[in-house]
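Everything on this sheet refers to the single structure shown next.
What you see is a predicted model, and the numbers here were worked out from it, not measured in a lab. In each ligand, atom 1 is the first atom listed, and ligand 1 is the first ligand listed.
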Amino acid sequence: MPSQREPYLTAKLQGFGTTIFAEMSALAVSTGSINLGQGFPDTDGPREVLDAAIAAINGGLNQYPPGPGMPVLRQAIAAHQQRFYGLTYDPDREVLVTVGATEALAGALLGMLDTGDEVVVFDPMFDSYAPCIALAGAVPKPVLLRPPEYAFDPDELRAAITAKTKLILVNTPHNPTGRVFTMEEMQCIADLAIEHDLVVVTDEVYEHLVFDGAQHIAMASLPGMRERTLSISSGGKTFNTTGWKVGWLCGPAPLVQAARTAKQFLTYVAGGPFQPAIALGLGLPDSFFHGIATDLQAKRDRLLPGLVQAGFTVYPTSGTYFVTVDIRPLQPDGDGMAFCRALPGHCRVVAIPNEVLYANKAAGRHLVRFAFCKRLDVLDQAVARLRTLG
Ligand code: PMP
Ligand code: GLN
């Protein structure tokens, strides 16, 4: 992040600089490194999903799709919520297709927040949360997730809620920690949301990527929560199509309407031919959804022991693409930013310094995130390189 003031940049975005993912992916390319930084898979997703997009392009679906998204995709999203969580949504009024989960988050936050509103958010957080809250003129109220478990303290959550709190932003499975919130934690958040009459926005992009038999819990499925929850997800992680940027949100019509009003003026629409393809993917059999979690779990289990052997303190991860480590056994000053900037020079591997994802910078300074959504041979190669560090 630049310390200097950027002359033409709005005051709301001063300090946000260039995203760490752009910086580190560029570093991976310029140094020929293995990129375990930005989370994207290095293999294609299901053939039939890719073929459906090609067929849509060849079939002439190349103009603006409808504002809320193509009916076939909205119906498939509603069917997916019913199938996996027992939640019923009206595809016409309660589902909105967006440009990735990123735009769903932006639409929800810009559509619902007024200047001075407070957003309770768990720290660390995905990199777009803080700038979107800032663009809305609102204020983040971070609640720290502490390693090794990355659980939150319910008293700290309660204390973060004030008369100005408008919504709670929840991400589970959680990036960057890999934490999958338990039923007890979800219930704690739900109880407070109901007690204080708050909206909950949930980022569930890794909903199908959970390990060791853990279960992703949809906040909207808890009693009393459907009517106050906006659930966000995306096809990118589930179908290995992060570059397609097809996302969505579901919720009660007034919440969806607020997000839709903002979304109209961000991009209006996108991803026409990809929408029927993601619709097809959402209808794939259970074996597909089990398969992607099992496959990713095997990749996690390949990388983690390698990181231990390389000398890091490695924290457990139950979902997502990511594992976090404490670098201090290898770099006693604990400067994760310096460590990540130097790592490609030392051994041609790229990782993400977690500090940039923290509001409480001191808490994340010595932590670094590695992505394991890569082929096993690539992970092996990365481990071999990292083992030269010690
Ligand atoms: N939220 C989280 C927690 C993420 O990890 C990502 C992935 N980059 C996103 C949102 C954005 O998803 P998309 O690529 O669909 O915009
Ligand atoms: N979700 C991915 C990550 O956290 C990619 C993020 C991005 O490039 N915006 O690494």
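- Note on ligand 1: E103 sits outside its first shell, no heavy atom being nearer than 4.0 Å.
- Under 4.0 Å from ligand 1, the heavy atoms of D203 that appear belong solely to its side chain.
- In this structure, F126 has a heavy atom closer than 4.0 Å to ligand 2.
- The single protein non-hydrogen atom nearest to atom 6 (C) of ligand 1 is F126 CZ, 3.5 Å, given as residue, atom name and distance.
- Ligand 1 places these atoms under 4.0 Å from at least one heavy atom of N175: 3 (C), 4 (C), 5 (O).
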Could you walk me through whether R365 and N354 pass the side chain to side chain donor-acceptor pair (under 3.5 Å) check?
CA-CA 7 Å; R365 187 169 177 273; N354 287 14; over 6 Å; no
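- Taking a 6.0 Å sphere around CD of E195, one finds it holds more than 12 heavy atoms contributed by other residues, nucleotides or ligands.
- Within a 6.0 Å radius of CD in E149, no more than 12 heavy atoms belonging to other residues, nucleotides or ligands are found.
- The residue I352 has no part lying near ligand 2, judged by heavy-atom distances below 4.0 Å.
- Among protein heavy atoms, the minimum distance from atom 11 (C) of ligand 1 is reached at T102 OG1, 3.2 Å.
- Between F122 and F181, a ring centre-to-centre spacing shorter than 6.0 Å is recorded.
- Close approach to Y206 involves these atoms of ligand 1, each under 4.0 Å from a residue heavy atom: 3 (C), 4 (C), 5 (O), 7 (C).
- Here D380 pairs with R302 in a salt bridge; the nearest charged N to carboxylate O distance falls below 4.0 Å.
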Does R83 form a salt bridge (charged side-chain N to carboxylate O under 4.0 Å, His left out) with D286? I'd like the steps, not just the answer.
CA-CA 10 Å; R83 169 178 164 196; D286 288 351; 2.7 Å; yes
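- We find the CZ-OG1 distance between F370 and T317 to be 13.5 Å, quoted to the nearest 0.5 Å.
- For atom 10 (O) of ligand 2, the closest non-hydrogen atom on the protein side is R369 NH2, 2.6 Å.
- At the shortest separation from atom 4 (O) of ligand 2 among protein heavy atoms lies N175 ND2, 2.8 Å.
- Contact annotation: for M24 versus ligand 2, there are no heavy atoms closer than 4.0 Å.
- Q38 NE2, 2.6 Å is the protein heavy atom nearest to atom 8 (O) of ligand 2.
- With a 4.0 Å heavy-atom cut-off, ligand 1 is reached by the side chain of K237 but not by its N, CA, C or O.
- Of all protein heavy atoms, the one lying nearest to atom 7 (C) of ligand 2 is F21 CD1, 3.5 Å.
- At the shortest separation from atom 14 (O) of ligand 1 among protein heavy atoms lies K245 NZ, 3.3 Å.
- An N or O contact shorter than 3.5 Å links A101 to ligand 1 by distance.
- Of all atoms in ligand 2, numbered sequentially from 1 with element shown, those under 4.0 Å from a heavy atom of K237 are 1 (N), 2 (C).
- Of all the atoms in ligand 2, the ones that sit under 4.0 Å from a non-hydrogen atom of G39 are 2 (C), 3 (C), 10 (O).
- Because its NZ or CZ atom is not both nearer than 6.0 Å to the ring centre of Y321 and within 45° of the ring axis, K299 does not count as a cation-pi partner of that residue.
- Using a non-hydrogen distance threshold of 4.0 Å, F322 registers as a contact of ligand 2.
- The side chain of S234, and not its backbone, has at least one atom closer than 4.0 Å to an atom of ligand 1 (non-hydrogen atoms only; side chain from C-beta on).
- Look at E94 and R226 and you find a salt bridge, because one of the NZ, NE, NH1 or NH2 atoms lies within 4.0 Å of a carboxylate O, short of that distance.
- Residues S25 and N35 bring a donor and an acceptor atom of their side chains to less than 3.5 Å of each other.
- Atoms of ligand 1 found under 4.0 Å from any heavy atom of N171, numbered from 1 in the order shown, are 3 (C).
- Taking the centre of each ring, H174 and Y206 stay at or above the 6.0 Å mark.
- Closest of all the heavy-atom pairs between A259 and L96 is C-CD2, 4.2 Å.
- At a 3.5 angstrom cut-off on N or O pairs, T242 does not count as close to ligand 1.
- Under 4.0 Å is where a charged nitrogen must lie from a carboxylate oxygen, and between R369 and E355 no such pair does.
- Those atoms of ligand 2 with a heavy atom of Y206 less than 4.0 angstrom away are 1 (N).
- Remark: H196 NE2 is packed, more than 12 non-hydrogen atoms of other residues, nucleotides or ligands lying under 6.0 Å away.
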